[in-house]
Amino acid sequence: MIRPASVEDVPAIHAMIRELAEYEKALHEAVATEEQLRDALFGPQPAVFAHVAVEGEDPGGEPVGFALWFRNFSTWRGTHGVYLEDLYVRPHARGGGHGKALLRELARICTERGYARLEWWVLDWNEPSIGFYRSLGAEAMDEWTVFRLTGEPLARLAAGA
């Protein structure tokens with residue numbers, strides 16, 4: 001069962017974000033708090049959204065996976081899209097179709113709203129995920145390189161340096 005996240009799901013989503021960060025060997029970088037997550041998802045003007053996967057048909061069940069996403073925009077296509085920030089299914093629930101169901105829900109949102117793309121990043125060493133995404137028909141965008149400004153370089157540029 002896939003459903004939109006509720007404010008009651010924030011602790012479970014936060015815990016799964018930390019589990020994902022640990023799997024990606026970057027737990028030390030996962031400094032977001034439950035309060036920040038709650039504000040981002042359920043504050044006065046949410047700009048990020050989440051869906052959760054629960055086992056069985058009880059919508060109130062404990063989440064075993066989540067997809068956290070936001071709208072982006074393609075200047076070339078002239079329409080919005082969905083950028084999937086995180087997709088995670090807890091190890092004990094993997095193989096049960098939760099990841100595919102979460103992606104199916106995001107694809108449904110895209111097609112229903114006329115969005116042109118569903119995009120995400122994956123670490124180049126994460127072969128199980130890469131294989132899974134390719135099995136769905138996803139294409140790697142190997143010709144693009146991701147850049148990021150953070151910390152001191154971000155502050156320096158903002159200050160005009």
Side-chain contact, heavy-atom cut-off 4.5 Å: Leu106 with Trp69?
yes
Would you call the rings of His80 and Phe73 parallel, tilted or perpendicular, taking 30° and 60° as the class edges?
perpendicular
So CG of Asn72 and OG1 of Thr79: to nearest 0.5 Å the spacing works out to 8.5 Å
Any side-chain to backbone donor/acceptor pair from Gln36 onto Thr33? Under 3.5 Å, distance only.
yes
Anything under 3.5 Å between a donor and an acceptor, one on a side chain of residues 123-132, the other on a protein residue two or more places apart or in another chain? List them.
residue : atom : partner : partner atom : Å
Asn126  : OD1  : Tyr23   : OH           : 3.2
Asn126  : OD1  : Ser129  : N            : 3.3
Asn126  : OD1  : Ser129  : OG           : 3.2
Asn126  : ND2  : Ser129  : OG           : 3.1

Just how far is it from atom NE2 of His98 to atom CD1 of Ile2, taken to the nearest 0.5 Å?
7.5 Å
Closest non-hydrogen atoms of Pro153 and Leu149, given as atom of the first, atom of the second and distance, are CB-CD2, 3.8 Å
Under 3.5 Å donor-acceptor, Asp86 side chain and Ala67 backbone:
no
Is there a side-chain contact between His92 and Glu55, using heavy atoms and a 4.5 Å cut-off?
yes
Nearest 0.5 Å, what's the NE2-CD distance between His14 and Glu19?
11.0 Å
Is there a side-chain contact between His28 and Glu22, using heavy atoms and a 4.5 Å cut-off?
no
Among residues two or more places apart or on two chains, list those pairs meeting side-chain hydrogen bond (donor to acceptor under 3.5 Å, both in side chains) that have a residue in residues 130-149.
none
Is there a path from Val89 to Val54 through hydrophobic residues (I, L, V, M, F, W, Y) whose side chains come within less than 4.5 Å of each other?
no
Sub-4.5 Å side-chain heavy-atom contact between Asp39 and Glu34
no
Straight-line distance of Glu85 CD to Trp120 CH2, nearest 0.5 Å:
13.5 Å
Within a strict 4.5 Å, meaning less than it, do heavy atoms of the Arg77 and Arg117 side chains meet?
yes
With heavy-atom distances below 4.5 Å as the criterion, would you say the side chains of Phe42 and Val10 are in contact?
yes
Using the side chain to side chain contact (heavy atoms under 4.5 Å, CB included) rule, take Tyr88 and Ile17 through it: C-alpha gap first, then chi angles, then the decisive distance, then the call.
CA-CA 8 Å; Tyr88 181 74; Ile17 288 170; over 6 Å; no
Check Ile13 against Ala50 and note the closest heavy-atom contact, atom names and distance.
CD1-CB, 4.2 Å
From Glu152 CD over to Arg156 CZ, what is the distance, rounded to the nearest 0.5 angstrom?
5.0 Å
Are Leu20 and Val31 linked, directly or through other ILVMFWY residues, by side chains that come within less than 4.5 angstrom of each other?
no
Taking only Lys NZ, Arg NE, NH1 and NH2, and the carboxylate oxygens of Asp or Glu, determine whether Arg38 and Glu35 approach each other closer than 4.0 Å.
no
If hydrophobic clusters are built by linking Ile, Leu, Val, Met, Phe, Trp and Tyr wherever their side-chain heavy atoms come under 4.5 Å apart, do Trp121 and Met141 end up in the same one?
no
Check Pro63 against Arg90 and note the closest heavy-atom contact, atom names and distance.
O-NH1, 3.5 Å
Atom pair CG (Leu68) and CG (Leu41), whose distance is rounded to the nearest 0.5 Å
5.5 Å
Derivation and outcome, side chain to side chain contact (heavy atoms under 4.5 Å, CB included), residues Val48 and Arg71:
CA-CA 8 Å; Val48 64; Arg71 287 189 330 162; over 6 Å; no
Quick check: closest heavy atoms across Ala107 and Leu118, and the distance to 0.1 Å?
N-CD2, 4.1 Å
Hydrophobic cluster identity match, Tyr83 and Ile109, side-chain contacts under 4.5 Å:
no
Could you check whether any side-chain heavy atom of Val82 comes within less than 4.5 Å of a side-chain heavy atom of Glu119, counting everything from C-beta outward?
no
Starting from Leu87, can I reach Phe49 by hopping between I/L/V/M/F/W/Y residues whose side chains sit under 4.5 Å apart?
yes
